[in-house]
Structures are given as structure tokens and as C-alpha cells.
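Here the structure is a predicted model, which means the values were calculated and not measured. The chains referred to below are lettered A, B, ... by the order of the sequence lines, with proteins before strands, and numbering in each begins at 1.
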Amino acid sequence: MTTIVIVGAGPAGVRAAECLVAAGCRPIILDENDRSGGQIYRRQPPGFVRSAQTLYGTEAAKAEALHRSFDTLAGKVDYRPGTIAWGLHAGVIHTVKAGRVDRIAFDRLILATGATDRIMPVAGWTRPGVFSMGGAQIALKFQGCVPGRRPALVGTGPLLYLLANQYLKAGVTPAGVFDTTPFRRQLRLVGGLAWDPRTLLIGLRYRLELVRWGVPVRCGIDPLAIEGDPAVTGFVYAKSGKRHVIACDGVALGHGLRSETQLAELAGVSFAFDRRTRQWLPQRDEEGRTPLGTVYLAGDGAGIGGADVAEIEGKLAAWALLHDLNAAVDDGERTRALRQLRRAARFRAALDAGFPWPHDIAARLDDGVVVCRCETLTAGELRRVAAEGAPDLGRAKALSRIGMGRCQGRYCGSACAEILSAALGCDIADVGRLRPQAPTKPLHVDDVEASL
Amino acid sequence: MPLSFRVDGREVLALEGDTVLTAVLLAGIRLRESEFGDGPRSGFCLMRACQDCWMWTDHNDRIQACATFVNQGMVLSTRNPELT
Amino acid sequence: MSVYDTIIIGGGIMGCSTALHLARAAPRMKIALLERGLCGAQASGVNFGNVRSNGRPVSQMPLSLRSREIWSRITELLGVDCEYERTGALKIAFRDEDLAVLEGHVRDARDGFGLAVEMLGSAGLRQLFPWIASGAVGARHSLDDGVANPRLVAAAFGAATRRHGVDVRENFAVASVSHSGAAFSVVGEGGAALVARSLVNCAGAWGNLVASSFGEAVPMQALGPQMGVTEPLPFFILPSTSTVNSPIYFRQVRRGNIVFGGGPRAEVRPDLVRHYSLPENTARHAALLRSVAPALKSARVIRAWSGIEGYLPDSLPILGPSATTPGLVHGFGFCGSGFQLGPGVGAVLAELVLGGATTTPIAAFDIRRFAPAAAQETRA
Ligand SMILES: Cc1cc2nc3c(=O)[nH]c(=O)nc-3n(C[C@H](O)[C@H](O)[C@H](O)COP(=O)(O)OP(=O)(O)OC[C@H]3O[C@@H](n4cnc5c(N)ncnc54)[C@H](O)[C@@H]3O)c2cc1C
Ligand SMILES: Cc1cc2nc3c(=O)[nH]c(=O)nc-3n(C[C@H](O)[C@H](O)[C@H](O)COP(=O)(O)OP(=O)(O)OC[C@H]3O[C@@H](n4cnc5c(N)ncnc54)[C@H](O)[C@@H]3O)c2cc1C
């Protein structure tokens with residue numbers, strides 16, 4: 001029997017599983033979370049009884065559909081929640097679940113690992129009360145909490161406006177929305193109108209809602225500092241050359257998303273630099289095949305596309321896999337999915353153009369700003385090793401320890417690349433990337449002993 | 001159902017289904033001190049990725065506060081105890 | 001075409017140390033150092049960081065002691081703090097029958113070479129190092145041994161070499177080497193050609209490229225020792241620690257992380273410059289860590305890695321003049337223990353390049369010991 005493993009039970013992983021089950025396969029699904037749904041459609045803990053409408057807003061129907069689909073797969077898939085895929089080598093995935101390590105030899109693997117927030121640091125971002133944009137949203141969806149009574153939302157991207165609206169619904173009026181992207185730049189979003197008018201209209205409604213509630217929205221700002229004693233008391237920013245301070249007791253910080261590519265890297269997939277998003281991404285064809293032949297990629301883990309794209313890519317990857325195993329695949333459905341994907345790609349391009357990663361901020365960060373929160377390393381330290389002759393991130397890591405902490409560079413990697421390339425005056429692609437290494441998440445020594 | 005547990009010797013109340021992070025922050029306590037002396041931390045990503053919400057338990061172990069539900073009677077500390 | 005007095009192939013600790021010693025001894029000499037990637041990015045920059053003389057074969061001791069003297073002034077030599085520290089080293093026995101082996105080592109090292117090394121019984125061990133698992137029956141405690149941060153050492157060697165006026169060419173991959181009777185010619189993958197009167201082969205696990213070009217390939221195997229590191233913990237383990245009969249060694253850096261390593265070594269791809277850390281090794285080592293230092297049970301492993309190292313059948317390096325080609329000297333294949341030897345090897349190779357002789361006994365490392373095997377390989 002062919003062993004098929006899917007890592008990730010978000011929109012991409014769930015749709016992939018569904019297609020595989022429809023074709024008579026019984027995939028193994030690994031997910032670190034205790035419940036399916038992935039990030040956007042994260043389910044609340046058992047016993048919490050908020051409605052789908054409350055939790056998922058405009059996307060409630062999609063969330064419910066995805067959860068329902070997954071629930072009907074029960075018994076037809078080998079679902080292993082609470083399981084981390086921590087290592088991958090030579091066709092074997094290494095897992096840890098509830099204090100035990102295990103391994104699975106696979107014939108085919110679909111990586112649907114999703115994303116985490118992409119962060120441009122700002123002075124004071126390690127203070128209690130500062131959360132990632134995604135984290136602040138999880139607090140709301142998963143725990144019904146908000147960081148502070150008057151949080152400031154700082155960064156850029158659609159999530160900024162979505163979260164502000166979710167807060168309003170939860171009865172919390174944000175201290176303001178502070179977007180690093182100038183408003184005229186955001187007008188490029190209009191270019192996406194033809195490809196996804198629904199989403200754009202939702203976005204517009206979010207903006208109007210903020211105006212209606214009197215929430216200040218400032219675009220084209222330069223974040224200067226999060227102040228506190230030590231917990232957050234205010235946010236300082238510059239706009240049009242003037243310095244402003246706004247009182248707040250929490251901050252949600254985020255500048256879009258970055259793909260979780262560790263397992264693709266360990267599998268040996270080759271990476272290429274994507275100029276548009278300024279990230280290194282694993283190489284795959286439109287249907288998710290990698291040159292390795294046994295490994296397929298889908299969803300945000302392979303490049304940020306959003307939840308709808310993740311669902312489409314999940315299906316495409318499963319069909320590609322089935323096709324490669326000589327199983328029959330409905331060509332009509334496949335063609336339709338490809339068409340949807342191309343349309344979505346155009347919309348994504350407009351979104352990326354309208355909310356760019358604010359890479360230019362990196363060059364202006366004060367030397368004292370902490371970049372790597374795990375090891376408490378500053379922008380100045382990184383510039384020092386650049387001056388000492390570190391020509392790329394690999395050497396900068398060796399000399400300064402950036403990316404060597406517990407999070408493996410997830411939260412500092414993007415900013416480190418920008419700071420280094422600015423300090424060296426070289427192209428961003430030339431500084432390379434921090435190579436992830438196993439374990440993908442910290443591995444408890446005790447978990448291993450118990451099972452040897 | 002209300003639960004209680006201890007952080008640095010202080011009693012903290014929580015509800016079933018609360019993560020340790022939620023309960024500790026609602027009680028106005030910081031999760032942890034940075035190992036490198038630059039002050040308190042209170043988590044960041046809430047999705048087990050940033051690794052900045054580890055707290056110490058009373059039996060030489062650690063828990064990730066964002067991913068651990070409160071248990072009645074847990075005993076936690078915000079500082080790294082000495083090892084021997 | 002660029003003309004040099006000597007060309008060194010390989011910018012690891014061996015090549016850089018050779019260049020550095022040459023440049024200091026003969027400031028007017030024109031030296032090129034060619035490195036495929038960045039200096040110190042291979043074995044020299046990713047190793048475990050043990051700077052250890054104890055436990056080496058007797059034939060390596062003079063070389064190791066020469067190196068040890070240079071390590072003692074390494075900060076001065078390199079101009080940067082590379083976290084070199086004489087932490088002492090422990091080799092622990094958990095079975096009575098292993099004690100005799102350790103006692104033999106202690107006699108050799110102390111009486112033969114004057115090293116500060118002692119045997120500790122179980123009580124002494126417990127008193128000095130209470131974190132060691134019960135069941136330890138004794139240990140060799142060498143007070144002279146220590147550790148350094150290889151990431152910093154290897155890069156600092158490269159930087160010092162450049163400061164001394166050596167023409168350090170990074171991102172220069174040597175494609176072929178030849179000897180015309182009068183001079184060596186070295187051609188890079190990009191086509192650049194260099195000429196020199198003498199040639200030093202410090203190409204590490206890739207050393208056979210040069211050796212075989214001159215008809216003296218050796219039966220070297222490239223393998224990847226397996227490394228890992230935990231999150232930072234309060235500092236409580238000073239000595240670099242290993243045991244007699246289990247494949248684990250570890251040390252704690254001052255920042256708190258436990259660095260560990262062990263066997264079995266994994267396959268590598270020197271042709272692709274790729275090495276792999278195998279998850280089963282990480283898991284095994286994590287478990288063994290705990291069996292030696294039970295307090296580590298709560299530690300989390302945060303990263304694992306490997307590197308590419310050349311191993312010879314007798315576990316001794318190739319160090320000395322070529323048997324086929326005058327003007328060529330070799331220093332490669334250090335079998336997993338070359339980090340400590342690096343500074344001394346550079347001093348020896350510099351002497352060989354300058355005068356054809358060295359004061360340090362190196363006969364045991366002569367490339368001719370593999371001549372029959374090499375001849376077989378050429379025939380095959
Ligand atoms: C915190 C957060 C909040 C977001 N909120 C919104 C929103 O409100 N609206 C919106 O449109 N988009 C949002 N997004 C983006 C949206 O989540 C994604 O576009 C969508 O979820 C992508 O689906 P996916 O299946 O590719 O990945 P995900 O939904 O992220 O699912 C990936 C799954 O893989 C699992 N996983 C990853 N690595 C491993 C491993 N090594 N071992 C085991 N399991 C693993 C994860 O636990 C996760 O469940 C958010 C993203 C994040 C990170
Ligand atoms: C994981 C690991 C752990 C170890 N632990 C220890 C330890 O604790 N203590 C200890 O004493 N030793 C240890 N060792 C061994 C030690 O690291 C090596 O013996 C030593 O670094 C070898 O130095 P080198 O300069 O010969 O090799 P390298 O550092 O590998 O340098 C050789 C250089 O030659 C370059 N090169 C090769 N071919 C070409 C070409 N064609 N053109 C241009 N350049 C080329 C390579 O790019 C490389 O940089 C360990 C080794 C490894 C891999």
C-alpha cells in the first residue's frame with residue numbers, strides 16, 4: 001500500500017485529504033494543533049460555544065464547510081492531531097506527540113504547513129502586551145481575549161483592517177490602525193478589482209466601519225517605538241516628518257505573512273528568491289509538484305496565497321499526486337481549479353502591490369532595536385558583523401547567532417535579511433537565507449528517552 | 001468551571017479552556033524573564049512558533065503557555081530555576 | 001596569469017593557519033589561498049569545538065602539544081576573542097572495566113607528556129560534578145583541555161590571514177591542478193589560472209582531488225559527525241564531557257546552550273557540499289544526554305547539524321610532503337579531531353614549505369603509508 005502523509009490540517013491539507021479519500025486512499029494527516037482548521041479557521045477549545053458567525057465573520061460559511069468536510073473524513077483518514085513533524089530525512093518523517101517520538105516512512109508527502117506572521121521589528125516590540133497580528137487574532141478566536149483595552153494595530157496588510165473590525169465586534173475600540181503603507185500605494189489594490197470584487201468590497205466595508213467608529217487610521221507611517229514601563233503604554237510613530245505618540249495598552253504587530261518552509265527545505269526541495277514578496281520560496285509547478293517527485297506543496301506554506309487559494313492548491317496537489325500514481329483524475333475539475341488559481345494569483349499580485357513588506361524600514365532601525373527576540377540580538381550587532389565582513393546571512397548567523405534561537409529565525413529572518421543587505425549595500429537576494437535545520441520545533445529530551 | 005493555580009507562589013484564577021497564557025496575563029503577571037537579562041516577556045505569536053512564552057514548572061520542566069490549558073493546582077514560575 | 005610563491009588550496013583552519021604562519025615567517029612571500037566558499041564554512045566552522053589533547057594516539061601528541069601552545073595565545077594571534085577557554089574535560093566510565101583504559105591514558109599523558117590530568121573516583125566525581133548520573137564509577141579529568149567557538153575561530157583565521165597580506169580568494173573553486181616540471185598550475189572552475197612554485201593541499205575532505213592529480217590518492221572516506229544544541233539553560237556544566245562506551249559528548253557554552261555530538265556518522269555528499277543530520281541520531285543523542293546528566297531531561301533540542309570530514313582507515317591524518325611531486329605538501333583528512341590540531345598543523349606546513357623540514361615528528365602521517373592502496377585505486 002502507498003503511504004501518503006499530509007502535514008497540516010488547514011484549508012490546504014483538509015482539501016487535499018478530501019480528494020485523496022475520494023480516490024480511495026487513506027492518508028495520514030499530521031497537525032501540531034489539537035483540532036483541524038489550520039490558522040484562519042482555527043477551532044475554539046471544546047466547551048467554548050461562540051457561533052461561527054462570531055468567530056469567522058464574513059468567512060463563516062467557508063469555515064463551517066471546511067470543518068464539516070473534515071469531520072466527514074473521520075474514520076477514512078489516519079488523523080494525528082497534536083503531532084509535530086520535527087524532522088524529515090530520506091523519505092522518513094519524524095514526529096513527536098504527547099511525549100513520544102515516532103517515525104513514518106512515506107511514499108508521497110503533501111506539505112501544507114501554512115504561515116506565520118512576518119515582522120519588521122520596532123523598538124520595544126518585546127514588551128509584555130505586544131503580540132503578533134496573527135497572535136492577537138488567535139487570542140480573540142481561541143480565547144475570546146484582546147491584548148489590552150485600547151490596543152494599537154501596527155504594520156501593514158489586509159489583516160490589520162480585518163482585526164480592527166473583529167475587535168470592534170468584540171466591543172473593543174482600537175487606539176488606532178497604523179499602516180506602514182502610504183494610502184496612495186494602497187490604491188494599487190483597485191487593480192485587483194476585476195479578479196476578486198467580493199474581497200475588495202469587504203475590505204472597503206472594514207475601512208468605512210473604522211471611520212464610523214472614529215478609529216484613527218494612519219497610513220504611510222514610520223513606526224518609532226513601543227513605549228512601556230515595561231508593559232505597553234504607548235506607540236510612537238512618525239508621519240510626514242512629524243513625531244506622534246498615541247496612548248495604548250497593547251499592540252498587535254504584523255506585516256503580512258511568511259511561509260513555513262522548514263520541512264520543504266529538509267526534504268531537499270530547491271528554493272528561489274521571489275522578488276515580489278522578497279522571500280525565498282520552495283520550487284513547485286502550478287499543481288504543487290516539486291522536482292523531488294515524491295513531495296508536493298500546497299497552501300501558504302509554499303507561498304502566501306490566502307485561504308481560498310490554499311483550498312484550491314490542496315486539491316490540485318492531491319490530484320497531481322494521484323495522477324503521478326496513475327490514478328484517474330477528473331480533468332474538468334482540475335482545469336476549473338487551475339483557472340480559479342490563475343485568477344486568484346492576479347488578485348494576490350494586486351494585494352502584494354497594495355500592501356508591500358516595508359523593507360525600507362530595516363535600514364532606519366536604531367542600532368539598539370532588538371531584532372532576534374530569542375537571543376536578544378540587536379540591529380547594531382548585525383551591522384557590526386556586516387562591517388566585519390559577513391557577506392551573507394549564513395556567515396552573519398555564524399558570527400552573531402541571529403536565527404540560532406528557539407524559533408529558528410521565523411520571527412527575525414525577514415528583517416535580518418533586509419538589515420544585512422542594507423548594511424552591505426547589496427541586493428537582497430545576495431544575502432541568501434537562514435537555512436532551517438531539524439528539529440522544526442524544539443524537541444523535548446524527555447519525550448525521546450521515554451520511547452527509546 | 002473555575003480553576004486555580006500558582007505562579008511564583010501567587011494564586012491565579014482561571015476558567016476551564018483558558019490557556020496558561022490567557023490566565024496569567026489576565027491576572028496581570030508576566031510570563032517569563034528573558035534569559036539574557038533584557039526584561040520580562042509575555043509571549044508573542046500565540047501559535048507555538050515564536051517560543052517566547054515558555055514558563056517553568058515546579059518539577060524541572062517547562063510549558064509553552066500559549067498551548068497549555070490551565071490545570072487545577074498547577075505550580076509555575078516566571079524564572080529559570082538553577083539546575084544541579 | 002597570476003604568479004605566486006605558494007598556493008594553498010582550502011580555507012579551513014588548516015589552510016588559513018598555514019597561510020598565517022607562512023606570512024608571519026616570510027612577510028615578503030607571495031601567497032594565495034583559494035577557497036570554494038567562505039573561509040571556515042566547512043568542517044572548521046561547524047565542528048563541536050573541543051580543543052583536546054588527551055585521549056589522542058601517542059603519535060599525535062607532539063603535534064597536539066605544539067598546537068596547544070598556540071591555542072594558549074590564540075586571542076593575540078587572531079586579534080579576536082573566540083571563546084577559547086580551558087574548561088577541563090571529563091571522560092566518564094560507567095563500568096569498572098573501563099577504568100583501566102582511562103588510567104592508561106592518564107599515565108601516557110601525564111608521565112609521557114606532562115599534561116595536567118588526573119583520575120577521579122566515583123566519590124570525587126560526585127563531589128566536583130554533582131550533575132553526573134549515579135552509576136558513574138570514575139573519570140579521567142584533564143585540566144588542560146578546553147573548548148572554543150568554531151564559528152568564530154574559523155572565520156577569525158580567515159580574517160587574520162587576509163590582514164597578513166595573503167591573497168585570499170573566496171568563492172574560488174579549484175577545478176584542476178598540475179605540475180609542469182618547474183611550477184604548479186591551478187585552474188579555477190571559472191577558468192582563472194594561477195601559477196606557483198609550491199602547492200599546499202588543505203582541501204579537507206576533498207583532499208583527494210589534489211592528491212589523485214599527483215598519483216597519490218588515499219583511501220579516505222568523507223562522513224558527517226552528528227551535532228545538536230539545546231536551548232539556553234542556567235550554566236552548570238563546566239567541563240567538556242564524554243563517556244567511555246556510549247556515543248555521546250557534550251559541553252555547555254557560557255550562554256547556557258548544551259552543544260552535543262555523537263555517532264554514528266552519517267553519509268555526506270562532498271560533491272554537492274551537502275551534509276545531513278539524521279533525526280534518529282538527534283533523538284538518540286538527546287536520550288543519551290539525559291542518561292549522563294539527568295538534569296537535562298527537561299532540555300529542548302533546538303537545532304541539529306553536521307559537517308563534512310575526511311576519515312582515513314587508521315584514524316590518522318595525511319600530513320607531510322608529497323611522495324610523487326617535489327614542492328607539494330599535504331595536510332588533510334583529520335579524522336574528526338583536527339580542530340585542536342589546526343594551529344600546529346599550520347606551523348608545521350609553513351616549515352615544510354619554507355625549508356622542507358619540520359621540528360615536529362610527523363612520520364606517522366606520511367602519505368606513503370597508503371601507497372599500495374593508492375596504487376590499487378589507480379589501477380581500478
Ligand atoms: C495567525 C494567523 C491568522 C490569520 N488570519 C487570517 C484571517 O483572519 N483571514 C484570512 O484571510 N487569512 C488569515 N490568515 C492567513 C490564512 O491563515 C491562510 O491563508 C490559510 O490558513 C492558509 O491555509 P493553509 O492550509 O495553507 O495553512 P494553515 O491554515 O496555516 O494550516 C497549516 C497547518 O499546518 C500545521 N503545521 C505546520 N507545520 C507543522 C509541523 N511541522 N508539524 C505539524 N503540523 C504542522 C499547523 O499547525 C497548521 O494547522 C492568517 C494566518 C495566520 C498565521
Ligand atoms: C561536525 C564535526 C565535528 C567535529 N568536532 C571536532 C572537535 O570537537 N574537535 C576537533 O579537534 N575536531 C573536530 N572535528 C574535526 C575538525 O573540524 C576538522 O578536522 C578540521 O576542521 C579540518 O580542517 P580542514 O581545514 O582540513 O577542513 P575544512 O574546514 O573542511 O576546510 C577545507 C576547505 O577546503 C575547501 N576546498 C575543498 N576543495 C576545494 C576546491 N576544489 N577548491 C577550493 N576550495 C576547496 C573547502 O571548501 C573547505 O573550506 C569535527 C568535524 C566535524 C565535521
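Heavy-atom distances place the side chain of B:D52, and not its backbone, under 4.5 Å from chain A. For a residue to count as touching a neighbouring chain, one of its non-hydrogen atoms must lie under 4.5 Å from one of that chain's; by this rule A:C374 touches chain B with backbone and side chain alike. Interface residue A:A231: backbone and side-chain heavy atoms are both found under 4.5 Å from chain B. Using a 4.5 Å cut-off between heavy atoms, A:I119 touches chain B through its side chain atoms alone.
In this structure A:Y41 satisfies the ring pair (Phe, Tyr, Trp, His ring centres under 6.0 Å) test with no other residue, sequence neighbours excluded. Scanning for salt bridge (charged side-chain N to carboxylate O under 4.0 Å, His left out) contacts around A:D367 gives A:R383, with sequence neighbours left out.
A:K441 places no side-chain N or O within donor-acceptor distance of the main-chain N or O of B:A49, the cut-off being under 3.5 Å. At distances below 3.5 Å, at least one donor-acceptor pair connects side-chain atoms of A:Q143 with backbone N or O atoms of B:G17.
Note that OG1 of A:T376 and CZ of B:R41 are 4.5 Å apart. Values are rounded to the nearest 0.5 Å. Note that the SG atom of B:C50 and the CZ atom of A:R410 stand 10.0 Å from one another [nearest 0.5 Å].
No side-chain heavy atom of B:F44 sits less than 4.5 Å from a side-chain heavy atom of A:T126. Within the 4.5 Å cutoff, side-chain heavy atoms of A:R42 are placed close to those of B:M47. Looking only at side-chain heavy atoms (C-beta outward), A:F131 and B:C45 stay at 4.5 Å or farther from each other. The side-chain heavy atoms of B:W54 and A:R406, taken from C-beta on, include a pair separated by under 4.5 Å. Inter-residue side-chain proximity for B:L46 and A:Q137 is flagged as unmet; no heavy-atom pair is nearer than 4.5 Å.
For a heavy-atom cut-off of 4.5 Å, chain A lies close to B:D61, B:F69 in residues 61-72 of chain B.
Looking at every heavy atom in both residues, A:P128 comes nearest to B:P40 through CD-O, 3.7 Å.
Among B:T19, B:L21, B:L26, the residue making the largest number of heavy-atom pairs under 4.5 Å with chain A is B:T19. Your options are B:L31, B:T22, B:L25, and the one with the most heavy-atom pairs under 4.5 Å with chain A is B:T22. Interface check for chain B: of the options A:R127, A:E375, A:Q408, A:E260, the most heavy-atom pairs under 4.5 Å are formed by A:E375.
Judged as a ring-ring contact (aromatic ring centres under 6.0 Å, His included), not a single pair has a partner in residues 6-37 of chain B (not counting sequence neighbours).
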